[in-house]
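Heavy-atom basis, side chains included; hydrogens, waters and symmetry copies ignored.
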Amino acid sequence: ITFEAGMEPSEEIVKGLESSSLFVLFLSNTALDSEWVQQEIKLAKKLEDEGNLKRIFPIIIDKDISYKDSRIPEWMQKTKNIQHIQSPKIAARKIKERLRELSKSIHPDLKERSEIFVGRNEKEKLVESRLDDFNKDPVIAFIVSGLPSFGRKAFINHVLKKANVIKEYYSFLMISLEHDNSIEDFILKIMDLGFSSDYLVLDLLSKTIEEKIEIAVDILKYLSIQNERLLIEDMGVIVQPSGEISTWFSTIIDKLKKTQYLNFCIASKYKPHYKIQRDDAYFVQEIYELNQEERNGLLKRYSVFKDLNLAREDLQFFSELLTG
């Protein structure tokens with residue numbers, strides 16, 4: 001589609017590779033048997049060695065192929081983490097992650113912007129301490145409660161990067177659960193993200209609650225294998241107004257404990273009941289609006305990033321107009 005009319009395909013391939021930062025290689029039997037693809041791999045390797053191509057990213061899309069396949073170059077087998085990815089949506093997510101990573105290395109201002117975060121220092125220490133505490137069972141659900149727009153999701157994103165739980169270029173899988181949603185909605189919204197093709201034709205309403213829970217658990221186990229985490233904006237479905245955790249979600253957590261994997265990050269409208277925190281599978285933090293000092297710090301850092309060159313009097317004026 002993008003080749004110039006009348007040009008040799010080989011010339012266009014070379015031109016395309018020379019102007020690219022990322023070379024994505026979809027490994028299938030057809031691709032590996034293609035002479036064209038083998039030539040592209042050799043050219044991509046040459047460009048990477050010369051520093052003109054930033055990253056080669058191979059993905060196995062054929063279930064019958066192993067990373068040890070003799071048609072895959074030895075250097076690629078030894079230097080690349082080649083994984084099977086069957087879902088096109090998951091493949092797209094992984095490619096976007098690589099692009100974000102490259103964008104931040106090429107454009108430092110993008111990295112600087114993403115790292116602007118002020119306040120919550122004590123909360124941040126508590127999270128890091130808990131996640132590093134090997135005397136307790138691993139956290140499966142990290143719940144941050146507070147009113148919308150207080151920065152619950154930003155806090156989750158920031159502290160998990162600081163704790164090296166997620167990479168700096170990682171973007172969460174996100175769903176939102178409204179107050180009238182159910183386990184069926186929960187399953188369908190995860191399926192819409194590209195996971196669980198095996199269940200696309202299921203009539204969930206005809207299943208028992210036990211069967212629905214097993215379906216959800218299977219999908220979430222696959223999610224953990226793919227090193228993905230689910231960020232849920234919860235308006236009272238998982239953490240109910242009473243502070244209780246919904247029974248079906250609690251059962252899912254119990255069944256996921258063996259994975260020892262942080263599956264869920266939940267931005268909750270309601271604060272979980274204190275007894276929930278006795279279970280190591282849950283870790284709960286409540287955040288409030290930023291105080292005056294924190295608001296001042298955030299305003300100053302962002303104004304510097306934007307090259308606004310605000311005088312002290314201007315900063316004081318605008319700070320008084322801001323809420324937390």
### Message
Starting from Leu308 and following side-chain heavy-atom contacts under 4.5 Å between hydrophobic residues (I, L, V, M, F, W, Y), which residues can be reached?
### Response
Leu299, Leu310, Leu315, Phe317, Phe318, Leu321, Leu322
### Message
Who clusters with Leu126? Use side-chain heavy atoms, under 4.5 angstrom, across I, L, V, M, F, W and Y, and order the result by chain and number.
### Response
none
Taking a hydrophobic cluster as the set of Ile, Leu, Val, Met, Phe, Trp and Tyr residues connected by side-chain heavy atoms closer than 4.5 Å, whether directly or through intermediates, do [X] and [Y] fall within one such cluster?
X: Ile225; Y: Ile215; value: no
X: Phe249; Y: Phe172; value: no
X: Ile85; Y: Leu99; value: yes

Answer whether the closest heavy-atom distance between the side chains of [X] and [Y] falls below 4.5 Å.
X: Tyr274; Y: Val284; value: no
X: Pro272; Y: Gln277; value: no
X: Leu131; Y: Leu160; value: yes
X: Leu25; Y: Ile59; value: no
X: Arg93; Y: Leu173; value: yes
X: Tyr282; Y: Ile140; value: no
X: Glu244; Y: Lys275; value: yes
X: Ile61; Y: Leu27; value: no

### Task
Ignoring hydrogens and angles, state whether a donor on the side chain of Tyr170 or Arg100 is under 3.5 Å from an acceptor on the partner side chain.
no
### Task
Could you verify whether a donor N or O on one side chain and an acceptor N or O on the other, from Gln292 and Ser319, lie under 3.5 Å apart?
yes
### Summary
Sorted by chain and number, sequence neighbours left out, salt bridge (Lys or Arg N to Asp or Glu O under 4.0 Å) with Asp69 holds for Arg71
So which heavy atom on [X] is nearest to which on [Y], and how close?
X: Ile72; Y: Ser66; answer: CD1-O, 3.6 Å
X: Ala141; Y: Leu262; answer: N-CD1, 4.1 Å
X: Asp62; Y: Ser28; answer: CB-CA, 3.8 Å
X: Val239; Y: Ser268; answer: CB-OG, 3.4 Å
X: Ile56; Y: Met76; answer: CG2-CE, 4.4 Å
X: Ala281; Y: Ile253; answer: CB-CG2, 3.7 Å

### Query
When you look at Asn263 and Glu228, which way does the side chain to side chain contact (heavy atoms under 4.5 Å, CB included) test go after all the steps?
CA-CA 8 Å; Asn263 278 92; Glu228 295 284 3; over 6 Å; no
### Cationic N near anionic O, under 4.0 Å, Glu214 to Lys207
no
### Query
Is the shortest distance from a Lys or Arg side-chain nitrogen in Arg55 or Glu101 to a carboxylate oxygen in the other one below 4.0 Å?
yes
From [atom1] ([X]) to [atom2] ([Y]), nearest 0.5 Å:
X: Asp192; Y: Ile175; atom1: CG; atom2: CD1; result: 9.5 Å
X: Leu223; Y: Ile90; atom1: CG; atom2: CD1; result: 8.0 Å
X: Phe23; Y: Ile41; atom1: CZ; atom2: CD1; result: 6.0 Å
X: Ile187; Y: Leu220; atom1: CD1; atom2: CG; result: 9.0 Å
X: Glu40; Y: Ser34; atom1: CD; atom2: OG; result: 7.0 Å
X: Ser250; Y: Ile213; atom1: OG; atom2: CD1; result: 9.0 Å

### Message
Applying side chain to side chain contact (heavy atoms under 4.5 Å, CB included) to Gln316 and Asn296, what does each step give before you reach the verdict?
### Response
CA-CA 8 Å; Gln316 289 174 336; Asn296 292 348; over 6 Å; no
### Task
Not counting sequence neighbours, which residues clear ring-ring contact (aromatic ring centres under 6.0 Å, His included) with Phe26? List them please.
none
### Message
Under the rule for ring-ring contact (aromatic ring centres under 6.0 Å, His included), what residues qualify as partners of Tyr270, not counting sequence neighbours?
### Response
none
### Query
Pairs in or reaching into residues 55-88: which pass ring pair (Phe, Tyr, Trp, His ring centres under 6.0 Å), with residues at least two apart or in two chains?
none
### Message
Strictly by ring pair (Phe, Tyr, Trp, His ring centres under 6.0 Å), give each pair with a member in residues 138-158 just once, sequence neighbours left out.
### Response
Phe117-His158, Phe142-Phe283
With a sphere of 6.0 Å drawn around [atom1] of [X], does it hold more than 12 non-hydrogen atoms of other residues, nucleotides or ligands?
X: Lys94; atom1: NZ; answer: yes
X: Lys257; atom1: NZ; answer: yes
X: Glu74; atom1: CD; answer: no
X: Lys269; atom1: NZ; answer: no

## Note on the structure
Applying side chain to side chain contact (heavy atoms under 4.5 Å, CB included) to Lys221 and not counting sequence neighbours gives Val217, Leu256, Thr259
### Message
Using only atom types and a distance under 3.5 Å, with no angle test, would you say the side chain of Gln38 pairs donor to acceptor with the backbone of Glu35?
### Response
no
### Message
Check whether Asp234 reaches the backbone of Val237 with its side chain - one donor and one acceptor, N or O, closer than 3.5 Å.
### Response
yes
#### Entry: Criterion side chain to side chain contact (heavy atoms under 4.5 Å, CB included) on Arg120 and Val159, from CA distance to verdict
CA-CA 9 Å; Arg120 320 287 193 204; Val159 295; over 6 Å; no
### Any pair counted as salt bridge (charged side-chain N to carboxylate O under 4.0 Å, His left out), so long as it reaches residues 135-157, sequence neighbours left out
Arg152-Glu233, Lys153-Glu233
### Message
Tell me which pairs pass salt bridge (charged side-chain N to carboxylate O under 4.0 Å, His left out) where either residue lies in residues 286-298, with sequence neighbours left out.
### Response
Lys271-Glu286
#### Entry: Leu147/Tyr288 under side chain to side chain contact (heavy atoms under 4.5 Å, CB included): CA gap, chis, key distance, verdict
CA-CA 8 Å; Leu147 292 177; Tyr288 306 94; over 6 Å; no
### Query
Quick one: side chain to side chain donor-acceptor pair (under 3.5 Å) pairs with a partner in residues 174-184, sequence neighbours left out?
Ser176-Glu178, Asn181-Lys189, Ser182-Glu184, Ser182-Asp185, Glu184-Lys212
### Query
Is there any side chain to side chain donor-acceptor pair (under 3.5 Å) pair reaching into residues 12-24, and which pairs are they, with sequence neighbours excluded?
Glu12-Lys15
### Message
Consider side-chain contact (heavy atoms from CB on, under 4.5 Å). Of Leu231, Ile143, Val165, which one does Cys265 pass it with?
### Response
Leu231
## Note on the structure
Per side-chain hydrogen bond (donor to acceptor under 3.5 Å, both in side chains), Tyr169 is matched among Arg98, Glu97, Lys161 by Arg98
